[in-house]
Amino acid sequence: MRPSHVLLAVLVAAVWGVNFVVIEIGLGHFPPLLFSALRFLAAAIPAVFLVGRPKVAWKWIVGVGLVLGVAKFGLLFVGMDAGMPAGLSSLVLQIQAVFTALFAFLLLGERPACVRLVGMTVALAGIGVAAVDEGASGPLGAFALVVAAAACWGVSNVLTRRAAPADALNFMVWVSTVPVLPLLALSLLLEGPSRDLEALGALDLSGAGALLYVAWGATVFGFGAWGWLLRRHPASTVAPFSLLVPVFGMSSAALFLGEPVSPLRWCAAALLVGGVALASFGGRDRRTGRGEESGAGTGGTGSEAKGPGDAANRPAGRGRLPTGREITSTGAPTGPGTGPADGRQPVPPSR
């Protein structure tokens with residue numbers, strides 16, 4: 001990669017990591033469900049008028065919008081509002097790679113390679129250490145909500161894997177249109193119209209800035225820049241930069257919010273990031289009969305990519321997606337591909 005492209009990849013990871021601090025700031029201005037709804041509204045408008053029509057079936061857009069937008073982000077924002085620290089949230093969410101592998105096995109019949117199983121075990125050990133640390137200093141209920149958010153992210157990755165969108169930014173913008181009304185309805189029901197109106201009436205520059213950052217910075221810029229990099233470089237070159245997200249998340253939370261980073265939390269970070277790295281990039285997975293019958297294709301938890309041409313030239317219904325697009329352990333579709341034979345693209349860490 002060119003130095004400028006390396007800097008861009010690091011910048012995207014930094015934007016996504018710092019995003020957790022900004023979410024914490026935003027939660028000081030908005031109820032969590034209203035904040036999440038406004039985040040998707042700001043991400044969708046006016047971008048939805050600029051990215052063109054959806055390039056996948058609406059069932060995938062609606063499915064991912066509900067699971068990722070309503071469930072995952074709703075649980076994350078509520079968990080952080082209930083006391084889950086921003087830095088720890090950025091770390092715990094990375095367990096989504098393990099959930100993605102589990103759901104891909106259960107739903108798509110993709111059997112992870114042994115090295116990935118080792119990575120998942122290590123990552124789960126990291127979550128256990130983080131839970132012990134949080135149990136000694138914070139609410140375990142909030143911790144559980146963020147773990148549940150990671151599980152929903154895993155489901156959305158499998159749905160994204162089946163959708164195989166050709167344009168990640170176009171897909172994400174259209175997905176952002178789906179959660180707005182359900183989240184607003186949940187906010188009115190659970191948080192109350194008076195609390196919502198009070199938050200909107202008291203909106204100031206700090207609250208507006210937090211909202212615009214999570215919508216335009218983390219979503220529109222983050223996904224757009226990540227997709228741009230993946231169209232120009234092999235996924236194996238770009239993907240490791242996503243492991244910097246919890247590093248920036250924990251560091252910025254300590255710097256700007258004064259969150260302490262205990263030795264146990266550093267241990268949890270090392271285990272989880274190392275385990276996710278193994279689960280994401282180690283070995284090749286095998287497919288069972290269910291994966292063949294579903295036409296789901298390879299990938300999902302680290303597919304056996306044999307080059308863009310190999311997948312693209314296969315007829316539909318032969319165990320690969322008709323589009324010829326591959327998905328990695330984080331659930332993302334590959335691009336048309338200028339990379340080498342293993343040019344698989346990961347889903348950018350959704351923030």
Side-chain angles (χ1 to χ4, degrees), residues 16 20 64 67-68 71-73 75-76 79 84 88-134 140 143-162 235 239-240 242-247 249-250 264-265 267-288 290-291 296 298-304 326-332 344-351:
W16 280 332
F20 287 89
V64 174
V67 177
L68 180 70
K72 183 255 183 174
F73 278 104
L75 289 167
L76 172 64
M84 183 68 168
L88 187 59
S89 296
S90 72
L91 176 65
V92 169
L93 271 183
Q94 304 312 312
I95 199 65
Q96 59 83 21
V98 175
F99 284 115
T100 300
L102 174 63
F103 293 131
F105 171 70
L106 294 176
L107 301 177
L108 305 180
E110 295 173 353
R111 185 174 301 169
C114 289
V115 66
R116 296 187 193 278
L117 290 174
V118 172
M120 293 177 213
T121 302
V122 172
L124 287 172
I127 288 295
V129 172
V132 170
D133 180 60
E134 182 63 10
L140 275 178
F143 183 93
L145 287 174
V146 176
V147 172
C152 293
W153 190 4
V155 175
S156 74
N157 283 342
V158 173
L159 293 177
T160 301
R161 169 164 175 10
R162 294 298 303 273
S242 67
L243 296 177
L244 294 174
V245 172
V247 176
M250 294 177 68
L264 269 181
R265 194 164 298 180
C267 178
L271 288 171
L272 205 153
V273 172
V276 168
L278 278 177
S280 299
F281 308 115
R284 293 182 176 182
D285 297 347
R286 293 172 292 172
R287 293 168 299 176
T288 67
R290 285 174 292 167
T298 61
T301 56
S303 59
E304 39 183 34
E326 303 290 342
I327 312 290
T328 64
S329 62
T330 51
R344 296 170 287 170
Q345 292 186 16
V347 161
S350 185
R351 300 288 176 252

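Keep in mind that the numbers below use all heavy atoms, side chains included, and drop hydrogens, waters and symmetry copies. Just so it is clear, the model here is predicted, and its values are computed rather than measured.
When side chains are defined from C-beta on, L145 does not count as touching M84, because their heavy atoms never get closer than 4.5 Å. Side-chain contact between T100 and R161: absent, with no pair of heavy atoms (C-beta onward) separated by less than 4.5 Å.
When all heavy atoms of L272 and V92 are compared, the closest pair comes out as CD1-CA, 4.3 Å. Nearest heavy atoms, A130 versus A268: N-CB, 3.7 Å. Of all non-hydrogen atoms in A97 and V276, the two that sit nearest each other are CB-CG1, 4.1 Å. Contact between F143 and I127 at its shortest, heavy atoms only, is CZ-O, 3.8 Å. For A149 against L76, the heavy-atom pair with the smallest separation is CB-N, 3.8 Å. Pairing each heavy atom of V147 with each of F99, the nearest pair is O-CE1, 3.8 Å.
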(Q) R162 vs L108, test: side chain to side chain contact (heavy atoms under 4.5 Å, CB included). Steps then yes/no. (A) CA-CA 9 Å; R162 294 298 303 273; L108 305 180; 3.5 Å; yes
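Listed by chain and number, the residues in a side-chain contact (heavy atoms from CB on, under 4.5 Å) with L244 are V10, A13, F241, F248 (sequence neighbours excluded). Here V273 pairs with L91, L243, P246 under the side-chain contact (heavy atoms from CB on, under 4.5 Å) rule; sequence neighbours left out. Scored by the side-chain contact (heavy atoms from CB on, under 4.5 Å) test, L124 finds I95, V98 as partners (sequence neighbours excluded).
Note that the CZ atom of R111 and the CG atom of L117 stand 10.0 Å from one another [nearest 0.5 Å]. Separation of atoms CG (L107) and CG (L102) is listed at 8.5 Å; rounding is to 0.5 Å.
Across V67, L93, L75, a single residue satisfies side chain to side chain contact (heavy atoms under 4.5 Å, CB included) together with W153, and that is L93.
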